[in-house]
Number of protein chains: 2
Amino acid sequence: MPRRRITQADVAAMAGVSQATVSFVLNDSNPSGVRISEETRQRVRDAIRITGYSANPAAQRLAGGLTQILGVFTYESTFPQGGRDFYGPFLVGIEHAAEKLGVDILLFTSARVEDGRRRLTRDGWQRLGIADGCLLLGQHEDRGELQHLLDTNYPFVFIGKRGSDGGRLPYVGVDYVAATARQVDRLAALGHTRIGYVGSRGTDQPTLDRVEGYRATMKRHGLTVRFVELDDVAATAAEVADQRLTAVLVAPENSPEELADELERRGLRVPDDISVLLLGQPLHPRPGGRRWSGFSIPREEMGARALHLLSRLVAADTGRPARRDAPQVPDDELRQLLGCVDVDAETLAPPPA
Amino acid sequence: MPRRRITQADVAAMAGVSQATVSFVLNDSNPSGVRISEETRQRVRDAIRITGYSANPAAQRLAGGLTQILGVFTYESTFPQGGRDFYGPFLVGIEHAAEKLGVDILLFTSARVEDGRRRLTRDGWQRLGIADGCLLLGQHEDRGELQHLLDTNYPFVFIGKRGSDGGRLPYVGVDYVAATARQVDRLAALGHTRIGYVGSRGTDQPTLDRVEGYRATMKRHGLTVRFVELDDVAATAAEVADQRLTAVLVAPENSPEELADELERRGLRVPDDISVLLLGQPLHPRPGGRRWSGFSIPREEMGARALHLLSRLVAADTGRPARRDAPQVPDDELRQLLGCVDVDAETLAPPPA
DNA sequence: TCAACGGGATGATGCGCATTATTAGCAACG
DNA sequence: CGTTGCTAATAATGCGCATCATCCCGTTGA
């Protein structure tokens, strides 16, 4: 039988005070010069202890305006590519930050999935309103969806750099350009000259940045830029061999495992004959898998930073006109680019003699 | 400029109807014979679409409705032991189920962390109220916390079998007894007779069940039960060698990697000289790590099943006495035990000749 | 003696929603 | 012409809490 929960009114009755007094004691606050004597406070506290009262969060939030819930919307459905391997680390960081901020995290899993990716439209983005603000992660194209968020002044932060189309959007991304450049530097320092970049064309920001970092740094070193189109892994490996490359850069989404296996099948040992640097973490880390050299993306930190930023944005635009002194978020915090960390493992070596 | 949330009143104004009408249209219900014409319904729906209205969950809850949000409470803080590796798979399953059920998932990250574990007491369990029900995962002892949930008739489901102390609680767990028994069978079938169980004492359900499965099955095969206490890994390895065991069972939390390494350091090859079966997935799967034979826990399925069960419980006891026709959840669904899957990899072999 | 004051507490209000009770309008009926 | 019956919608209420405006009462200053 649904026993009615204890309310502040119950406590108040027991302590012989008003509901308002209980509220004041609980929050230990005096918003408008309200004073409660220590004696009364104690009486209320006792009543609270005896009754086992605990606040109804729904009511608290309803009265307070904010829900203290921050949302996370993932465009890609997590399943098809075992995506959790990719998003997990972000979530860890997000969770950590949420803990510190004292907010709960709402995963928008109710949005319709179309073509293997979630839509923010229609049913989807309306639910966002539940949270005070929202983190957006994953590749994204639909500009219209975004516009709505902007129009309604809904606080949100992207995880991952936003380029041309969304240059004005708040995000926390990583500096792929610099990180990729450093890989070329590492190879050049070891004496590599025939350094290739294996990948398929893409217009997504990470790809663009990696390519730019590669291209610019090769030029800086006076080396020839060698792009190897990735279509069939076997053909690609052949191409790599033909060009007598001694090192290649590969992004995680471009089948590095398969490529390395194929290269070794052709007699090219990794890394003795050819170094393979991974531009990010492997998509499917498996026990027994290769331990890649390259760089790693600070996903947990990204998640944490993004949530903190979002939290600030929310604070900056609380609906309550009371707080006109709301802190504005400076532009350089609105778009953050974090650095990657170089990884020294088993797929980097000097070029063969 | 402060963003005031759109409310039903706003929608109502735009559609030229009353707030109540909007509520009726939204819930598509007519509790006491209320009727809304299709024409009006459409007008309201349009207004909802245009304004981008979304219900405030706090208000919904306060008014006694459902939020279509299901909560997930993890006792262990995810960080200390890279817990996400452990909880991640559950979440994947939960997310999948949530998608199908059309509900959102709320991670209770706001609860205070004490001694590296979250507390459901005080601040903690109150927030639960936002969600329609809650999944509980992780080891847990505090009976008092639970009692509160039971008293308030709050729907919840444990992930992981609950034993003596909570024999009456809803849970979705795995059959460790049977799974462990099967491992002994596998070893016995290969001719092993000196089969040990390495572990430290524990009163947690998984440990109790694994031990029972081991003990019972060894007896059934007429083999001597050999427990090897795990304290110092080196000492344990020595003990294993001394007893001339040809196979050991190890739970993931009992440092299987270190043990295997130590055994090999002592000249015992795995699995040629000694088979090591892992009773669950490795806690920290790393590229380059060992590929364990043993069994694996269907964590994703557990997560999904648990969420489905929770969903049913919520439906069954919407606290409102209005729905006396609420479907009851049969006892055998309330406590589910799933089977584990045997894994055949690289750490199982016949005993040395 | 009366106004001014300030500590101590309360009543009233509204947050956004679901729901019940009630009303308005209209057709059919006796 | 009054009554019933039915549809379509609204007004009103309360959920539990935070907060503002107000009030009460004992002290002080003039």
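Below, all heavy atoms of this structure are taken into account, side chains as well, without hydrogens, waters or symmetry copies. Predicted model, so just to flag it, every value in this text is computed and none were measured. Throughout, protein chains are lettered first and strands after them, A, B, ... in sequence-line order, and every chain is numbered starting at 1.
Here the nucleotide nearest the side chain of Ser18(A), chosen from dG11(C), dC17(D), dA9(D), is dG11(C). Of the candidates dA9(C), dG16(D), dT10(C), dT10(C) carries the atom nearest the Phe24(A) side chain, counting heavy atoms from C-beta on. For Val34(B), taking side-chain heavy atoms from C-beta onward, the closest of the listed nucleotides dA9(D), dA18(C), dG16(D) is dA9(D). When the nucleotides dA18(C), dG16(C), dA21(C) are ranked by their closest atom to the side chain of Asn27(B), dA18(C) comes out on top. Looking at the side chain of Ala20(B), the nearest of the listed nucleotides dG16(C), dT19(C), dC20(D) is dT19(C). For Gln8(A), whose side chain is taken as the heavy atoms from C-beta onward, the closest listed nucleotide among dC17(D), dA9(C), dA12(C) is dC17(D).
Going from atom CG of Leu62(A) over to atom C1' of dC15(D) covers 9 Å, rounded to whole Å. Between the P atom of dG16(C) and the CZ atom of Arg5(B) lies a distance of 9 Å, rounded to the nearest Å. Computed from coordinates, the Ile36(A) CD1 to dA18(D) P distance equals 13 Å when rounded to whole Å. Note: CD1 (Ile6(B)) to P (dC15(C)) measures 14 Å, nearest angstrom. Per the geometry, CD belonging to Glu38(A) stands 11 Å off P belonging to dA9(C), to the nearest Å. When rounded to the nearest whole Å, the span between CG of Asp10(A) and P of dG16(D) equals 8 Å. Note: CG (Asp132(A)) to C1' (dG16(C)) measures 15 Å, nearest angstrom. Taking atom CG on Leu26(B) and atom P on dC17(C), their separation rounds to 8 Å, with Å as the unit.
The base of dA18(C) is paired with the side chain of Gln19(B) by a donor and an acceptor separated by under 3.5 Å.
Residue Arg35(A) places at least one side-chain N or O under 4.0 Å from the OP1 or OP2 atom of dG7(C). For the pair Thr7(B) and dC15(C), the criterion of a side-chain N or O lying under 4.0 Å from OP1 or OP2 is not met. Thr21(A) has no side-chain polar atom (N or O) that falls below the 4.0 Å cut-off from OP1 or OP2 of dA9(C). Close to dG16(C), at under 4.0 Å from its OP1 or OP2, lies no side-chain N or O of Ser23(B).
Side chain of Arg43(B) to main chain of Ala15(B): a donor-acceptor pair is present (N/O by atom type, distance under 3.5 Å, no hydrogens or angles). Between the side chain of Thr109(A) and the main chain of Val103(B), a donor-acceptor pair closer than 3.5 Å is present. At least one donor-acceptor pair closer than 3.5 Å links the side chain of Arg41(B) to the backbone N or O of Ile36(B).
Sparse packing is recorded around CD of Glu39(A), with 12 or fewer heavy atoms of other residues, nucleotides or ligands lying under 6.0 Å away.
The pair Arg45(A)-Glu38(A) counts as a salt bridge, with a side-chain nitrogen and a carboxylate oxygen less than 4.0 angstrom apart.
Summary of the strand contacts: Ala58(B) and Arg41(A) both lie near DNA chain C, and taking for each the nucleotide with the nearest heavy atom, the more 5' one is attributed to Arg41(A).
Using modelled atom types and a 3.5 Å distance limit, the side chains of Thr51(A) and Asp10(A) yield no donor-acceptor pair.
Applying the side chain to side chain contact (heavy atoms under 4.5 Å, CB included) test between Leu135(A) and each of Val72(A), Val172(A), Leu70(A) identifies Val72(A) as the sole match.
Using cut-offs of 30° and 60° on the angle between ring planes, the pair Phe73(A) and Phe108(A) is tilted.
Residue-level contact check: Val17(B) touches the backbone only, with heavy atoms under 4.0 Å from sugar-phosphate atoms and none from bases.
Across its full length, the helix from dT1(C)-dA30(D) to dG30(C)-dC1(D) shows an angle of 80° between the axes of its 5 terminal pairs at either end, rounded to 10 degrees.
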